[in-house]
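Data first, discussion second: the structure below is written as structure tokens.
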There are 2 protein chains.
Amino acid sequence: MANTAKFNRREVLQKATRLFWQNGFHATSTRDLQQATNLRPGSIYAAFGSKSGLFKEVLAYYAQNRDELLHRCMTEETSTLGGLRAYFRYILLGDDVDAPNELCLLAKAISELDEGEETLLDEARSLLAAHGEKFRLYVEEAVSAGELPQDTNSELLARQLQVQMIGLRTFLRATSDRAAVEQMIGKLFDPAPAQTSN
Amino acid sequence: MANTAKFNRREVLQKATRLFWQNGFHATSTRDLQQATNLRPGSIYAAFGSKSGLFKEVLAYYAQNRDELLHRCMTEETSTLGGLRAYFRYILLGDDVDAPNELCLLAKAISELDEGEETLLDEARSLLAAHGEKFRLYVEEAVSAGELPQDTNSELLARQLQVQMIGLRTFLRATSDRAAVEQMIGKLFDPAPAQTSN
DNA sequence: CCTCCAATTGAGCAATTGCTCAAATTTTAC
DNA sequence: GTAAAATTTGAGCAATTGCTCAATTGGAGG
């Protein structure tokens with residue numbers, strides 16, 4: 001009971017995500033968050049407990065969006081490998097208007113947080129691992145569909161894809177060299193997704 | 001004249017590097033720096049101008065150390081490709097006691113800083129690009145020595161190596177899975193450093 | 001030994017931080 | 001309509017931030 005006239009939690013998460021993704025955890029102040037969400041501190045603290053609590057929920061919100069995007073890429077392409085390539089292209093080369101930063105928010109959090117904020121760090125690590133697990137399932141699907149050799153080491157290949165994704169996003173932020181990124185995505189998926197039988 | 005009893009600038013840089021590398025730019029306070037260097041604020045500000053000024057010099061100090069390490073790896077190995085692999089192994093799997101963080105400090109800075117700190121961001125970008133250029137020169141050397149095909153696209157391959165290095169370091173911080181990293185380094189250098197003719 | 005001046009000291013300022021809480025307001029239940 | 005409960009409000013606290021500067025120190029030149 002008594003739940004009307006409350007703010008829209010999803011909208012708040014969306015705006016908080018944008019801020020944290022752009023500025024990072026430490027460089028985003030609670031005042032920034034208050035202004036962006038048009039909420040007074042009490043409301044935020046009643047709903048999320050603390051700045052860390054809000055960030056934790058932001059990480060989950062972000063990860064869920066990425067999982068959904070990956071799934072959408074898979075359904076919109078005819079082959080599994082094509083779906084993975086579409087996901088790479090969309091994230092690295094697509095002009096996503098509400099992506100304020102080239103990097104993966106999870107990777108950015110893992111980079112920024114230290115062992116003193118272990119709860120948040122572990123949350124980011126676990127979400128990134130879960131996303132990597134999704135990669136592995138799709139790689140196995142590609143093997144079953146005959147898009148990849150039967151003796152493919154799918155765990156290894158999935159890890160390699162995640163390493164590439166993270167590396168390429170950092171490279172893009174460092175150089176803004178979209179052509180180079182496009183070329184590297186091509187090399188990843190074109191000749192064969194690397195010679196990765198075991 | 002009057003220069004005795006002054007602190008050792010290199011020692012200060014070393015200690016500041018450790019702090020910034022561990023905690024990042026924002027999460028390292030000037031008090032942390034004062035305590036670690038045993039200097040009073042006035043001395044630091046006389047020598048470096050500001051926290052940003054100190055960080056900028058730390059970035060350069062770090063980059064120079066990496067360049068020297070890479071060069072050392074090259075001279076200690078018989079082949080150029082072997083030298084590159086040794087560099088990867090040392091950074092990713094070596095137990096460097098004064099590396100307080102799995103990540104590259106330059107990549108960490110590029111991840112953390114936003115466009116509002118453009119001086120520092122550009123410095124980190126430029127130092128990372130210079131290190132990538134070193135990679136390219138060594139790849140070309142490997143081509144000349146016949147360790148790689150004559151038609152190797154050395155610019156592309158050097159970029160791919162840098163992407164791998166950054167991605168693998170983030171992966172290591174995210175998972176602590178040294179065996180997986182070892183396996184991926186193997187795949188990078190063993191069969192051929194990827195099928196990267198152009 | 002004294003003088004001079006660069007180097008060092010450390011108290012502390014102004015701004016910002018994450019967050020609290022009593023008071024005011026709005027919603028729900030009857 | 002009314003009272004109890006849930007929610008929102010915003011002033012502001014205690015701690016921390018990057019940094020300044022007048023006072024002090026101590027080595028070099030004479």
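Chain letters run A, B, ... following the sequence lines, proteins first and then strands; every chain starts at 1. Just so you know, these numbers come straight off a predicted model, no measurement behind them.
In this entry the distance linking CD of A/Q34 with C1' of C/dT20 reads 12 Å, nearest Å. Rounded to an integer number of Å, the gap from B/F48 CZ to D/dG18 P is 16 Å. Rounded to a whole Å, the CG atom of A/L19 is 12 Å from the P atom of C/dT17. If you measure from atom CD1 of B/I44 to atom C1' of C/dA7, you get 14 Å, rounded to the nearest angstrom. Following rounding to the nearest Å, A/L39 (CG) and C/dG18 (P) show an atom-to-atom distance of 16 Å. Nucleotide D/dC19 holds its P atom 14 Å from the CZ atom of B/F55, rounded to whole Å. Distance, B/N38 CG to C/dT8 C1': 12 Å, rounded to whole Å.
Among C/dC19, D/dC19, C/dG10, the nucleotide with an atom closest to any side-chain atom of B/K51 is D/dC19. Here the side chain of A/Y45 is nearest to one of D/dC19, C/dC19, C/dT8, namely C/dC19. The listed nucleotides are D/dG18, D/dT20, C/dC19; the one nearest the side chain of B/R31 is D/dG18.
Ring pair B/F88/B/F189 is perpendicular by interplanar angle, where above 60° counts as perpendicular and below 30° as parallel.
Regarding contacts with the backbone of C/dT17, a side-chain N or O of A/S29 is found under 4.0 angstrom from either OP1 or OP2.
Among the protein residues, A/T28 comes within range of the sugar-phosphate backbone only, with heavy atoms under 4.0 Å from sugar or phosphate atoms but none that close to a base.
If you run side chain to side chain donor-acceptor pair (under 3.5 Å) between A/E68 and each of A/R66, A/H71, A/Q64, only A/Q64 comes through.
Each of A/H26 and A/G42 lies near DNA chain C, and the nucleotide nearest A/H26 is the one positioned closer to the 5' end. Comparing B/D32 and A/R40 along DNA chain D, the residue whose closest nucleotide (by nearest heavy atom) sits nearer the 5' end is A/R40. Across the interface with DNA chain C, nearest-nucleotide mapping of A/A27 and A/S43 shows A/A27 to be the residue nearer the 5′ end.
Salt bridge status for A/E115 with B/R173: present, with a side-chain N to carboxylate O gap under 4.0 Å. Electrostatic pairing of A/E57 and A/R9 counts as a salt bridge here, judged by a charged N lying under 4.0 Å from a carboxylate O.
Taking the ring axis of B/F48 as reference, the NZ or CZ atom of B/K56 does not stay both within 45° of it and closer than 6.0 Å to the ring centre.
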